[in-house]
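The structure appears right after this line, and notes come after that.
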Amino acid sequence: MLKPHLIHHAPGAPGLRLLGLGPQLKPTKGLLKLQKLFNEHAFWAKKRKIKDLKHMLINSSVIISLWQNERIVGFGRATSDKTYRAVLWDVVIANDLQGLGFGRVLVDALINSPSIKNVERIYLMTTKSSDFYQQMNFKLSDNQSLLILKNKTNI
Ligand SMILES: CC(C)(COP(=O)(O)OP(=O)(O)OC[C@H]1O[C@@H](n2cnc3c(N)ncnc32)[C@H](O)[C@@H]1OP(=O)(O)O)[C@@H](O)C(=O)NCCC(=O)NCCS
């Protein structure tokens with residue numbers, strides 16, 4: 001199994017966002033590949049538009065991608081105030097490579113990144129992968145509720 005190449009993107013991921021760079025800073029249509037990864041492997045993030053993905057990247061505090069050669073096989077990002085709270089978003093490993101430890105590598109990299117490692121609490125929401133996060137020491141909240149205000153008509 002080819003060891004994946006992990007990229008800690010600079011804030012806003014300018015290389016990926018503007019030039020589509022992948023590993024070794026090679027142009028590889030990375031943003032289109034990220035869109036495809038979401039479409040095929042992230043049920044909550046299908047049909048995201050390129051312009052919105054760019055906006056998402058600009059406004060994320062931490063962005064990490066995983067590659068095998070020129071294939072993007074994993075992605076995760078976080079927002080953080082660097083002091084009190086951070087939230088993980090859009091953590092995904094391609095279906096055919098799940099269960100091989102890549103998700104753990106990705107989440108470890110997110111929670112140990114400089115913008116996150118010193119916050120009081122790291123939150124995340126998950127529909128199907130609670131057990132995975134519990135293996136990584138996240139605890140199910142027994143005294144808080146998740147409330148959502150859907151303020152866009154298309155979601
Ligand atoms: C959840 C996800 C990111 C995990 O990545 P992964 O590469 O498959 O996980 P890993 O192989 O690193 O697993 C790490 C540990 O968690 C366990 N694990 C992984 N997925 C699990 C699951 N769904 N239920 C229970 N345990 C799980 C593994 O057995 C492993 O345990 P071990 O270290 O004792 O062997 C990946 O399966 C995925 O992308 N799923 C679909 C998208 C998704 O649900 N993302 C989360 C959105 S919040």
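We count ligands from 1, going down the list as the structure has it; atoms in each ligand are counted the same way. Scope of the values below: all heavy atoms of this structure, side chains included, with no hydrogens, waters or symmetry mates. We count residues from 1, following the sequence as given.
Scored by the side chain to side chain donor-acceptor pair (under 3.5 Å) test, Arg77 finds Ser60, Asp90 as partners (sequence neighbours excluded).
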Show every donor-acceptor pair shorter than 3.5 Å between a side-chain atom in residues 110-119 and any protein atom, with sequence neighbours excluded, or say none if there are none.
residue : atom : partner : partner atom : Å
Asn112  : ND2  : Asp108  : O            : 2.8
Ser113  : OG   : Leu110  : O            : 2.8

Mind listing the side-chain donor-acceptor pairs of residues 18-32 below 3.5 Å, one per line with the distance, residues two or more places apart or on another chain?
residue : atom : partner : partner atom : Å
Thr28   : OG1  : Lys33   : NZ           : 2.4

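With ring centers used as reference points, Phe75 lies under 6.0 Å from Phe38.
Other residues, nucleotides and ligands contribute at most 12 non-hydrogen atoms within 6.0 Å of the NZ atom of Lys82.
Met125 and Tyr133 are members of different hydrophobic clusters when ILVMFWY side chains are connected at heavy-atom separations under 4.5 Å.
Near ligand 1, residues Trp44, Val91, Val92, Ile93, Gln98, Gly99, Leu100, Gly101, Phe102, Gly103, Arg104, Met125, Thr126, Ser129, Asp131, Phe132, Tyr133, Gln135 come within 4.0 angstrom through at least one heavy atom.
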